[in-house]
Each structure stands twice: as structure tokens, then as C-alpha cells.
Number of protein chains: 2
Amino acid sequence: MDPVEIKLITALEDRGLRKTAARSLVTSRIENANDAFTAEQLCRDLPEVGRATVYRTIRHLVDSGALCKLPILDGAPMYSVARVEHHHHTICSKCGAVGEFRHSTVERVMRSLEKEIDGDIVGHRMEIFITCNQCLAKSDTGANSAV
Amino acid sequence: MDPVEIKLITALEDRGLRKTAARSLVTSRIENANDAFTAEQLCRDLPEVGRATVYRTIRHLVDSGALCKLPILDGAPMYSVARVEHHHHTICSKCGAVGEFRHSTVERVMRSLEKEIDGDIVGHRMEIFITCNQCLAKSDTGANSAV
DNA sequence: TCAGTAGTTGATATCAAGTATCAATTACTG
DNA sequence: CAGTAATTGATACTTGATATCAACTACTGA
Ligand SMILES: [Zn+2]
Ligand SMILES: [Zn+2]
Ligand SMILES: [Zn+2]
Ligand SMILES: [Zn+2]
């Protein structure tokens with residue numbers, strides 16, 4: 001079994017949840033996706049698992065920290081496997097590919113903002129929008145070659 | 001007329017949109033709110049304006065940059081009047097109050113991340129979650145006084 | 001001033017994401 | 001293996017948001 005899937009299953013077990021066929025299908029599908037996904041995508045990919053169960057399992061994984069839930073302004077949130085503890089995301093504006101990154105300077109700056117901001121800081125979130133290398137490559141070749 | 005409302009109306013006019021009674025109701029309501037709001041809140045506050053029109057007007061204002069649209073992980077996005085050009089938001093986790101801030105260090109760090117990140121950076125977003133001063137004050141007094 | 005036209009409105013229907021219900025099923029315990 | 005509590009998933013529902021389109025209204029310029 002893939003280390004990612006083990007991690008997801010462990011996250012469920014650690015919450016005292018039972019190991020069931022439905023949950024295994026969900027975790028192995030997430031592991032195979034190997035990319036960010038929406039809840040509806042999972043439902044479509046797993047017609048043999050009920051929507052309620054898909055949503056419930058995702059919620060468990062998010063609550064346990066094994067999955068990140070990314071807000072998407074126009075549309076359903078996306079989920080991606082959390083590979084390191086605290087991190088932020090890159091999102092390709094063209095294809096939606098999601099990456100993780102972590103940079104100490106960012107965290108240091110956050111701490112320095114405490115003076116500037118009214119109230120107590122309890123957390124933060126950050127997304128960097130990019131055009132990913134695949135999409136850059138695509139627009140360099142093909143696309144405009146008709147002129 | 002309030003400068004904020006003038007700004008909103010101008011944003012609509014600049015897009016070649018007509019000045020109508022419905023749109024005036026929406027802009028003056030936003031100006032009076034003086035706080036972040038959801039589309040549904042606006043609809044409730046303006047039963048005399050159709051839902052479609054409320055949503056359409058908000059979209060125009062967001063597209064023109066006069067309003068910020070903030071993703072809220074569990075629920076409808078919130079909107080707040082954009083008071084300065086590029087900025088980020090503080091969100092109180094207790095009461096939902098939204099503030100704006102701008103800090104040059106944050107922007108400088110963003111630029112420095114270009115080396116770390118695969119692909120071209122085209123933008124970023126950042127939210128700082130806080131407990132605002134009002135909520136801090138509330139939990140200091142009242143609340144636990146019963147013991 | 002007013003008719004023509006193009007933009008606007010809003011009731012209604014529809015869509016999409018997500019949650020609540022609850023009887024039937026299944027995983028664990030001893 | 002029986003008993004119990006957790007889990008499932010079909011169904012119905014809720015909420016946020018968009019599509020439709022006939023009626024209406026703001027602008028134009030004759
Ligand atoms: Zn891409
Ligand atoms: Zn961080
Ligand atoms: Zn607050
Ligand atoms: Zn910034």
C-alpha cells in the first residue's frame with residue numbers, strides 16, 4: 001500500500017473510526033489521484049460509494065489534518081494531501097494544478113505583522129497563483145502557431 | 001453622497017452601465033453597511049431589489065475592483081469595499097469582522113519567492129485570522145464571570 | 001418632446017454543492 | 001456467533017447562485 005494511503009487510513013483510525021470498504025475506496029482513490037480534487041470529482045470517480053460517505057470521509061480527513069481544503073473563489077473547494085505540516089499552496093490559474101510550499105521567511109514575516117495588526121493573530125492562509133511549467137510550455141509551442 | 005458610494009457608482013458608470021434605481025439601492029446599502037457582507041445578506045436587506053439584480057451588481061463591482069470577494073471556507077464568500085489598491089485581509093475568527101492591511105515586507109517576500117517556485121507567479125492572496133479587539137474585550141469581561 | 005432601441009429588471013425555474021434523515025447493513029467485541 | 005454501536009447510502013432537503021425571458025426603463029437624437 002502506498003505511503004500516502006497508509007497515512008490517510010491511519011488518520012481515520014486515529015480518530016477511532018472503523019475500517020470499512022467504502023472508506024478504503026475513498027482513500028485509495030485520493031492516493032491514486034495524486035493531485036488536487038473536488039468532492040464532486042471523487043463522487044463521480046466512485047459511483048459505488050454514496051455521496052454522503054464521500055463527503056463525510058473527506059471531512060474526517062480534513063479535520064485530522066491529512067487533507068488540505070483550499071478555498072476556490074468561483075466554485076467548490078479543492079482538496080490536496082498535506083505532505084508537510086504547515087504550508088501554503090500554489091495554484092495554476094490555467095489548469096488548476098496545486099502545489100505545496102513552505103518558506104521560513106514567510107512565517108517570519110507573519111510573526112512580524114503582529115505589531116501592525118489590531119487584535120491577536122490566530123492563523124493565516126496564503127495562496128500563490130502561478131502559470132505552471134506545463135502550461136507555460138503549452139503556450140510556447142502549439143496554440144498560436146496558426147498565424 | 002458618501003465618497004464610498006460615489007466610488008461604487010463611478011465603478012459602474014465606468015463600465016458603461018446605466019444608473020438605475022435598483023443599482024443605487026445596492027450601492028447605498030453597501031456604503032451604509034460599512035462592513036463585510038454576503039450576497040444573501042444584501043438580498044435580505046433589500047427585499048425591494050430582485051436577487052438576480054443584487055448578484056449582478058455585486059459581480060460588476062467585483063469585476064471593476066471596487067469590491068473584494070473573500071473566499072470563506074465554509075459558506076458564502078464575503079464582500080468588502082476595496083479601500084486601497086493591493087491589500088490583504090484580516091478576518092476575525094469569532095465575529096467575522098473583516099479588515100484590510102497592506103505591508104511592503106509581505107510584497108517584497110512575494111517577489112523573493114519567485115526563485116523558489118516552479119512557474120510564473122501571476123498573483124497571490126493572503127488572509128490573516130485574528131481575534132479582533134472587540135471580541136478580546138468581550139471574553140475578558142462578561143462571559144466567564146458566572147463562576 | 002417623444003418614439004425607438006438597447007440595457008435592465010425580477011419572478012420563476014433551474015442548477016450545484018452540500019447536509020439531514022433514517023432504515024438497512026456491517027464491523028467490532030467478547 | 002450474538003449483541004451493539006458505528007456506518008452506509010438512497011432520498012429529500014437546504015443554500016447559494018445562475019439562466020430565462022417578458023415587461024420595463026434609461027438614454028438617444030430627430
Ligand atoms: Zn498549469
Ligand atoms: Zn504560513
Ligand atoms: Zn471579532
Ligand atoms: Zn500582497
Side-chain angles (χ1 to χ4, degrees), chain A residues 8-30 33 36-64 66-80 96 98, chain B residues 8-30 33 36-64 66-80 96 98:
Chain A
L8 297 179
I9 288 173
T10 306
L12 295 178
E13 282 174 353
D14 287 355
R15 316 195 89 219
L17 300 172
R18 289 181 177 174
K19 206 179 139 191
T20 68
R23 286 180 181 146
S24 296
L25 284 169
V26 173
T27 54
S28 81
R29 184 69 195 72
I30 292 175
F37 58 91
T38 65
E40 291 299 321
Q41 271 165 30
L42 259 198
C43 289
R44 254 173 274 134
D45 292 352
L46 293 171
E48 65 269 40
V49 179
R51 306 170 44 70
T53 301
V54 169
Y55 275 91
R56 277 187 295 239
T57 307
I58 288 175
R59 205 186 318 160
H60 284 307
L61 291 171
V62 171
D63 290 351
S64 73
L67 275 189
C68 307
K69 183 174 182 178
L70 285 95
I72 301 295
L73 257 185
D74 306 288
M78 303 211 62
Y79 299 91
S80 79
V98 172
Chain B
L8 297 179
I9 288 172
T10 305
L12 295 177
E13 282 174 353
D14 287 355
R15 317 196 88 219
L17 301 172
R18 290 182 176 172
K19 207 180 138 192
T20 68
R23 287 180 181 145
S24 296
L25 284 169
V26 173
T27 54
S28 81
R29 184 69 195 75
I30 292 176
F37 57 91
T38 65
E40 290 299 321
Q41 272 165 29
L42 258 198
C43 289
R44 254 173 273 134
D45 291 351
L46 293 171
E48 66 270 40
V49 179
R51 305 171 46 71
T53 301
V54 168
Y55 274 90
R56 278 187 295 239
T57 307
I58 288 175
R59 206 188 316 162
H60 284 308
L61 292 171
V62 170
D63 289 350
S64 73
L67 275 189
C68 308
K69 183 174 180 178
L70 285 96
I72 301 295
L73 258 186
D74 306 288
M78 304 211 61
Y79 299 91
S80 78
V98 172

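What you see below is based on every heavy atom in this structure, not just the backbone, and it leaves out hydrogens, waters and symmetry mates. So that the names make sense, note that chain A is the first sequence line, chain B the second, and so on, each numbered from 1. Everything quoted here is computed from the prediction, not taken from an experiment.
Looking only at side-chain heavy atoms (C-beta outward), B/Arg51 and B/Thr53 stay at 4.5 Å or farther from each other. Within the 4.5 Å cutoff, the side chain of B/Ile72 has no heavy atoms near those of the B/Thr38 side chain. Contact of the A/Arg29 side chain with the A/Val49 side chain is not registered, since no non-hydrogen atoms from C-beta on lie closer than 4.5 Å.
Regarding contacts with the backbone of D/dG16, every side-chain N or O of B/Thr38 stays at 4.0 angstrom or more from both OP1 and OP2. Applying the 4.0 Å criterion to OP1 and OP2 of D/dG9, one finds that A/Thr53 has a side-chain N or O inside that range.
Between the C1' atom of D/dT15 and the CG atom of B/Leu73 lies a distance of 17 Å, rounded to the nearest Å. Distance OH (A/Tyr55) to P (D/dC13): 19 Å, rounded to an integer number of Å. Distance CD1 (A/Ile58) to C1' (D/dT8): 16 Å, rounded to an integer number of Å.
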- Could you walk me through whether B/Glu48 and B/Leu46 pass the side chain to side chain contact (heavy atoms under 4.5 Å, CB included) check? CA-CA 5 Å; B/Glu48 66 270 40; B/Leu46 293 171; 4.2 Å; yes

- Please assess B/Lys69 against B/Ile58 for the test side chain to side chain contact (heavy atoms under 4.5 Å, CB included), listing each intermediate value before the final yes or no. CA-CA 9 Å; B/Lys69 183 174 180 178; B/Ile58 288 175; over 6 Å; no

- Could you walk me through whether A/Leu42 and A/Thr57 pass the side chain to side chain contact (heavy atoms under 4.5 Å, CB included) check? CA-CA 11 Å; A/Leu42 259 198; A/Thr57 307; over 6 Å; no

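Distance CD1/B/Ile9 to OG1/B/Thr27: 4.0 Å, rounded to 0.5 Å.
The minimum heavy-atom distance linking B/Ala39 with B/Val54 is given by the pair O-CG1, 4.1 Å. Across all their heavy atoms, A/Tyr55 and A/Cys43 have their closest contact at CE1-SG, 4.1 Å.
Extent of DNA chain C lying under 4.0 Å from chain A heavy atoms, first and last nucleotide in 5' to 3' order, is C/dA17 to C/dC28.
Both A/Gly50 and B/Ala52 lie near DNA chain D, and the one whose nearest nucleotide falls closer to the 5' end is A/Gly50. With DNA chain C read from its 5' end, the first of the two nearest nucleotides for B/Asp74 and B/Ala21 is the one closest to B/Ala21. The residue among A/Lys19 and B/Gly16 whose nearest nucleotide of DNA chain C is located toward the 5' end is B/Gly16. Nearest-nucleotide positions on DNA chain D for A/His60 and A/Pro47 put A/His60 closer to the 5' end.
A/Glu48 comes within contact range of the sugar-phosphate backbone alone, with a heavy-atom separation under 4.0 Å but no base atom that close. Among the protein residues, A/Arg51 comes within range of the nucleic acid bases, having at least one heavy atom under 4.0 Å from a base atom. Among the heavy atoms of the strands lying under 4.0 Å from B/Arg56 is at least one base atom, whether or not backbone atoms are also near.
Of the candidate nucleotides D/dT8, D/dG16, D/dT25, D/dT8 has the atom nearest to the side chain of A/Arg23.
An angle of 30°, rounded to 10°, separates the two end axes of the helix from C/dT1-D/dA30 to C/dG30-D/dC1, each defined over five pairs.
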